[in-house]
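Here's the structure we're looking at; comments come further down.
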Amino acid sequence: MNQIFNQIGFYPADILLPKDCDMAKWAVVACDQFTSEPEYWQAVEELVGDAPSTLRLILPEAQLKDPKVEESIAGINRTMQTYLDDGLFRTLPESLVYVERRQSDGRIRHGLVGMIDLDTYDFTPGSGALIRATEGTVLDRIPPRAKVRRNAPIELPHVMLLIDNPERTVIEPLTAAADTMEKLYDFDLMQSGGHIRAFRLSETQKDAVAEALLGLTADDVMEKKYGVRGVAPLLFAVGDGNHSLATAKACYEEKKKELGEAAARELPCRYALVEVVNNHDDALQFEPIHRVLFGVDPAHLMAEFHKAYPDTHEGAGEGHTIGVVYEGYEGTVTVPNPTMQLAVGTLQSFLDKYLKEFGGEVDYIHGEAVTKELGAKHGNMGFLLPAMGKEQLFKTVMADGVLPRKTFSMGHAQDKRYYVESRKIVK
């Protein structure tokens, strides 16, 4: 293997793909989507039936509060082992996979599947790691995910890492060469997920990717893009799947404590499978992540909001404008002269304090229509946030550490990563 991979923390992996399966039933969307729409997951259940499927290998977060969730997790781990024992998979040794995903808007998003070294990733705010979180990590979201991964023989990624590559030197050369590469799959995704096809890189192409990624860490490149020299380079920023990657890191750290660092570093769980996407990919759009509150009194909450931000006024204006929806009301409020950089920071800092003091629950929703529908129900509230420009991402992480949690989403829910590839994480 090219030794440059050791310098960038990104490697080819022994990738597992199903063989002799109905791929349209095999691939399902990321587990953290449609969390307040159980009917979506029920439809997936009916579509999959008894066919082999990644639905049997994940725990949709819509089911986290199911009274039989522990049984479900144990069943997931058993099914993973059964699929392995039954020879359901074929192995692509030391491979990188180029992926083309046609989204619901018809645009093609381009990605590269490989594995990262978790020793080069840190979700601590202000970290100088090669791979960094882009937004705050909610530590209490890790334990339920860790229950699945801790005893899992394989992993399935919905993590998407971003690179800041305006020159398009890493992934885009593969696009031009796709028709000459070994095709791995080509099929329509269920539930309006669009279409996906993938190709295996040659040895020459893998070497070229390694060289191009290393080039992004050069000091002169960092100075040109971010105006800084002599600082720890930021190569990969987590775009999607922040908590899943944090869970992989947490489970790996557990192994270090259990076995010692030297022994843990020899384990497959030191690595995590991801898809890398160029932040400058034309198909990549940043969508806001809205908030829906459950079990709250809208009048009381808005009164407290005005106490927190006394200059708040209804309607749009200079400052941070946020949409508000509750039973019998739909409008906007504006917080002038905000102290936070982004509207999501203004809202989230208030919500964290309010929910801690007065109770209620919050869910993070992809999609304006769903937010309005849920927010208008009795006892609920919806907050609609503006989108963040994707050009702000790397500069903000370099300058400020991390963004407020759930600041942005890369595209609509149905355009999220679907589980296709997997990888063994036990020897």
Side-chain angles (χ1 to χ4, degrees), residues 1-6 8-28 52-54 57 83-84 87-103 108-117 154-163 165 168-189 193-214 235-236 240-241 268 271-278 281 283-284 417-425:
M1 185 186 298
N2 192 322
Q3 293 305 302
I4 290 177
F5 287 112
N6 291 326
I8 58 178
F10 178 73
Y11 298 84
D14 292 343
I15 292 175
L16 303 178
L17 284 177
K19 54 187 180 183
D20 304 321
C21 286
D22 182 339
M23 294 299 288
K25 294 183 178 181
W26 172 259
V28 303
S53 176
T54 55
L57 308 179
Y83 282 4
L84 287 169
L88 184 76
F89 298 106
R90 61 177 174 135
T91 303
L92 306 176
E94 292 195 2
S95 294
L96 294 177
V97 174
Y98 166 65
V99 177
E100 291 183 347
R101 169 74 178 279
R102 188 178 74 233
Q103 302 175 156
I108 305 296
R109 188 177 72 225
H110 312 84
L112 183 65
V113 177
M115 67 182 186
I116 62 159
D117 181 353
I154 63 175
E155 65 171 355
L156 299 94
H158 72 259
V159 176
M160 292 175 64
L161 301 185
L162 300 178
I163 52 174
N165 185 210
R168 304 173 187 253
T169 56
V170 178
I171 298 173
E172 286 74 9
L174 302 171
T175 304
D179 290 338
T180 68
M181 298 165 68
E182 175 191 351
K183 184 182 287 187
L184 299 174
Y185 54 78
D186 189 345
F187 64 97
D188 288 333
L189 294 161
H195 188 89
I196 192 167
R197 65 176 191 159
F199 305 84
R200 190 179 183 187
L201 273 66
S202 67
E203 292 300 316
T204 300
Q205 288 170 323
K206 288 191 288 185
D207 289 344
V209 163
E211 291 276 2
L213 284 171
L214 183 62
L235 180 54
F236 300 106
D240 257 349
Y271 304 91
L273 208 58
V274 301
E275 180 178 348
V276 175
V277 177
N278 188 1
D281 191 306
L284 190 65
R417 195 169 202 286
Y418 275 56
Y419 301 106
V420 181
E421 298 85 2
S422 58
R423 173 183 159 268
K424 291 183 69 174
I425 54 174

So do the side chains of [X] and [Y] get within less than 4.5 Å of each other, counting heavy atoms only?
X    : Y    : value
E211 : I4   : yes
F199 : L174 : no
L92  : D14  : no
L201 : V97  : no
N165 : E172 : yes
N6   : Y11  : yes
L112 : V99  : no
L162 : F236 : no

task: Please lay out, stage by stage, how V170 and N278 fare under the test side chain to side chain contact (heavy atoms under 4.5 Å, CB included).
output: CA-CA 8 Å; V170 178; N278 188 1; over 6 Å; no
Nearest-0.5 Å distance, [atom1] of residue [X] to [atom2] of residue [Y]:
X    : Y    : atom1 : atom2 : answer
I8   : I116 : CD1   : CD1   : 11.5 Å
W26  : Y185 : CH2   : OH    : 12.0 Å
D240 : E275 : CG    : CD    : 10.0 Å

message: With side chain to side chain contact (heavy atoms under 4.5 Å, CB included) as the criterion, how do I163 and L213 come out once you've worked through the C-alpha distance, each side chain's angles and the decisive distance to 0.1 Å?
response: CA-CA 9 Å; I163 52 174; L213 284 171; 4.1 Å; yes
task: Could you go through the side chain to side chain contact (heavy atoms under 4.5 Å, CB included) check for Y271 and R423 one step at a time?
output: CA-CA 10 Å; Y271 304 91; R423 173 183 159 268; 3.4 Å; yes
query: Is there a side chain to side chain contact (heavy atoms under 4.5 Å, CB included) between L88 and K19 once you walk through the steps?
result: CA-CA 6 Å; L88 184 76; K19 54 187 180 183; over 6 Å; no
Atom of V420, atom of A27 and distance for their closest heavy-atom approach: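 Answer, listing the atom of V420 first, then A27: CG2-CB, 3.9 Å.
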- request: Taking all heavy atoms of I171 and all of V277, pick out the closest pair and write down the distance.
  value: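 Result for this residue pair: CD1-CA, 3.9 Å.
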So does [Y] get a backbone contact from the side chain of [X], meaning a donor-acceptor N/O pair under 3.5 Å?
X    : Y    : value
Q103 : A283 : yes
R101 : G193 : yes
S422 : L156 : no
D281 : R109 : no
H110 : E100 : no
R417 : M160 : no
S202 : Q205 : yes
T169 : A212 : no

Test item: side-chain donor near acceptor, T175 and Y98, under 3.5 Å: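 There is such a pair (donor and acceptor under 3.5 Å, judged by atom type) between the side chains of T175 and Y98.
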message: Is a donor from one side chain sitting under 3.5 angstrom from an acceptor on the other, for E155 and Y419?
response: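 Short answer, no.
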task: Please work out which of the three classes, parallel, tilted or perpendicular, describes the rings of Y83 and F89, given edges at 30° and 60°.
output: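 Perpendicular: the ring planes of F89 and Y83 meet at over 60°.
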query: So among R200, K206, E182, E421, which one has a side-chain hydrogen bond (donor to acceptor under 3.5 Å, both in side chains) with S95?
result: R200
task: Check L184, I15, L96 against V113 for a side-chain contact (heavy atoms from CB on, under 4.5 Å) and give me the one that passes.
output: I15
